[in-house]
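Right, one structure below, let's go through it.
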Amino acid sequence: MRIATWNVNSIRSRIDRVVEVLQRHDLDVLLLQETKCRDDQFPVLPLSAAGYDVAMHGLNQWNGVAIISRAGLDDVEVGFPGMPAYGDPAVSEARAIGATVDGVRVWSLYVPNGREVGHPHYAYKLDWLAKLRDAAQGWLADDGDAQIMLAGDWNIAPTDDDVWSVEFFEGKTHVTAPERAAFRAVVDAGFADLVRPYAPGPGVYTYWDYTQLRFPKRQGMRIDFALGSPALAERVTHAEIDREERKGKGASDHAPVLVTLD
DNA sequence: ATGGTGGAACATCCA
């Protein structure tokens, strides 16, 4: 089984690339973030024509997550238990959707950006990650043999090797100690980075800002991850970051991250 | 090895 995660930065503006990625990589499952549309706006037909089903969750033009699968979509769940809301009044955002595909519980996750250190959105980000850790820890406690994938845009560069310049990011979000600790807590709960063994750094990224020629200058960040429970991790036979997909007109600012299971 | 951001309610916000 081949599973990928991708921050697509608008499904409506990228649907042709999504179908092409599904076919080029012979994907069974594609987890999307930043679909940026309501469910009724989601372009389902091109995916149906390609043989895929979709479970989507979008409330407005912001955020939005989806799971595309040609291997089943069971027990679809919107949001994880305990997921925090944001704003005044606090509203639950479209940042998490889960489903079971052929015995694998997959989650498409769009971690809050944080905006600036000290901003309410930064506290929200840390709380969201802590609650995700709690939920995921509970799933493993319930069944230590569960095959669980936590994949998506984590908006965290876990180590200095994961940014093009430590100096550039000093004092900015994505690299602060609390964010890195929150990410590490999920790993420590039993969810390993499934991709890193197959895509070692430094200088290996999943995101490049649209501005300042960041991509051709190879100035990116590794912020998109597929983490897996022990039972899932032992099934991984290959993984890669599709850097080619970041090239050309109409690219997302994120690259797809792919995992192959036996 | 790409083209000086891009996407969305098209005003600004968000990333």
Side-chain angles (χ1 to χ4, degrees), chain A residues 5-19 21 24 31-43 46 56-66 84-96 108-126 128-129 151-158 162-165 168-169 171-176 179 182-183 203-225 240-257:
Chain A
T5 182
W6 189 17
N7 179 322
V8 72
N9 187 20
S10 168
I11 183 63
R12 286 178 289 173
S13 66
R14 217 80 64 205
I15 182 61
D16 291 349
R17 276 184 178 254
V18 168
V19 171
V21 163
R24 178 157 49 90
L31 309 171
L32 296 177
Q33 302 86 40
E34 281 212 86
T35 50
K36 287 186 167 176
C37 68
R38 298 185 310 270
D39 292 354
D40 64 284
Q41 298 173 306
F42 200 104
M56 77 287 280
H57 175 46
L59 299 171
N60 48 42
Q61 74 273 40
W62 308 125
N63 315 308
V65 285
Y86 180 73
D88 187 18
V91 174
S92 184
E93 299 184 310
R95 296 183 176 276
S108 178
L109 304 169
Y110 181 44
V111 176
N113 172 283
R115 300 186 188 165
E116 291 177 20
V117 178
H119 190 285
H121 209 263
Y122 178 79
Y124 169 53
K125 178 181 194 174
L126 296 177
W128 200 95
L129 286 160
D153 177 356
W154 292 73
N155 271 317
I156 297 170
D162 301 320
V163 294
W164 64 273
S165 166
F168 180 85
F169 286 99
K172 296 187 174 76
T173 61
H174 294 58
V175 301
T176 66
E179 290 167 278
F183 181 86
V204 171
Y205 308 125
T206 64
Y207 162 86
W208 299 261
D209 196 296
Y210 283 124
T211 68
Q212 306 298 318
L213 294 170
R214 292 294 185 220
F215 181 64
K217 285 150 79 172
R218 297 181 174 269
Q219 297 177 336
M221 309 173 75
R222 190 171 73 106
I223 57 176
D224 301 271
F225 299 91
E240 64 182 273
I241 298 162
D242 180 12
R243 192 180 179 282
E244 293 296 306
E245 182 54 38
R246 181 61 179 80
K247 296 178 182 177
K249 185 177 170 63
S252 169
D253 42 1
H254 295 251
V257 176

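Residue numbers start from 1 in every chain, and the chains themselves are labelled A, B, ... in the order their sequence lines are given, proteins ahead of strands.
- Each of A:Arg243 and A:His254 was assigned the nucleotide of DNA chain B with the nearest heavy atom; the assignment lying further toward the 5' end belongs to A:Arg243.
- Close to B:dG4, at under 4.0 Å from its OP1 or OP2, lies no side-chain N or O of A:Arg214.
- Residue A:Tyr207 is classed as having no contact, given no heavy-atom separation below 4.0 Å to the nucleic acid.
- Within 6.0 Å of CZ on A:Arg24 lie more than 12 heavy atoms contributed by other residues, nucleotides or ligands.
- Computed from coordinates, the A:Gln61 CD to B:dG7 P distance equals 15 Å when rounded to whole Å.
- The separation of B:dA8 from B:dG4, taken at their C1' atoms, amounts to 22 Å, rounded to a whole angstrom.
- The phosphate of B:dT2 has neither OP1 nor OP2 within less than 4.0 Å of any side-chain N or O from A:Gln212.
- Considering only the side chain of A:Asn113, B:dA15 comes nearest among B:dA15, B:dC13, B:dA1.
- Side chain to side chain, A:Asp224 and A:Tyr205 fail the donor-acceptor criterion of an N or O pair below 3.5 Å.
- If you measure from atom CZ of A:Arg246 to atom C1' of B:dA15, you get 13 Å, rounded to the nearest angstrom.
- Residue A:Asp209 contributes atom CG, which lies 10 Å from atom C1' of B:dG6 at whole-angstrom precision.
- Using a 4.0 Å cut-off, no side-chain N or O of A:Thr211 falls inside it from OP1 or OP2 of B:dG4.
- In this structure, A:Trp62 places its CH2 atom 8 Å from C1' of B:dT12, rounding to the nearest Å.
- An OP1 or OP2 oxygen of B:dC14 is reached within less than 4.0 angstrom by a side-chain nitrogen or oxygen of A:Arg115.
- Distance A:Glu34 CD to B:dT5 P: 18 Å, rounded to the nearest Å.
- For the residue pair A:Asn113 and A:Lys125, no side-chain donor N or O sits within less than 3.5 Å of a side-chain acceptor on the partner.
- Nearest to the side-chain atoms of A:Arg12 among the listed nucleotides B:dT2, B:dA9, B:dG6 stands B:dA9.
- Of the two residues near DNA chain B, A:Ser13 and A:Gly114, the one whose nearest nucleotide lies more 5' is A:Ser13.
- None of A:Asn7, A:Asp153, A:Val111 except one satisfies the side-chain contact (heavy atoms from CB on, under 4.5 Å) rule with A:Ile223; the exception is A:Asp153.
- The side chain of A:Leu213 sits closest to B:dG3 out of B:dG3, B:dG7, B:dA9.
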Walk me through it: do A:Arg222 and A:Asp162 pass the test salt bridge (charged side-chain N to carboxylate O under 4.0 Å, His left out)? CA-CA 5 Å; A:Arg222 190 171 73 106; A:Asp162 301 320; 2.7 Å; yes

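- Protein atom NZ of A:Lys217 is 14 Å distant from nucleotide atom C1' of B:dA1, rounded to whole Å.
- In this model, the phosphate group of B:dA8 is not approached by any side-chain N or O of A:Lys36 to a distance below 4.0 Å at OP1 or OP2.
- A donor atom on one side chain and an acceptor atom on the other are not found under 3.5 Å apart for A:Asn9 and A:His254.
- To the nearest angstrom, C1' of B:dA1 lies 8 Å from CZ of A:Arg218.
- No contact: A:Arg38 has no heavy atom under 4.0 Å from any strand.
- Within the 4.0 angstrom heavy-atom criterion, only backbone atoms of the sugar-phosphate kind lie near A:Gln41; the bases stay farther away.
- As rounded to the nearest Å, B:dA9 and B:dG3 have C1' atoms that lie 30 Å from one another.
- Spacing between atom CG of A:Asn63 and atom P of B:dA15 amounts to 7 Å, rounded to whole angstrom units.
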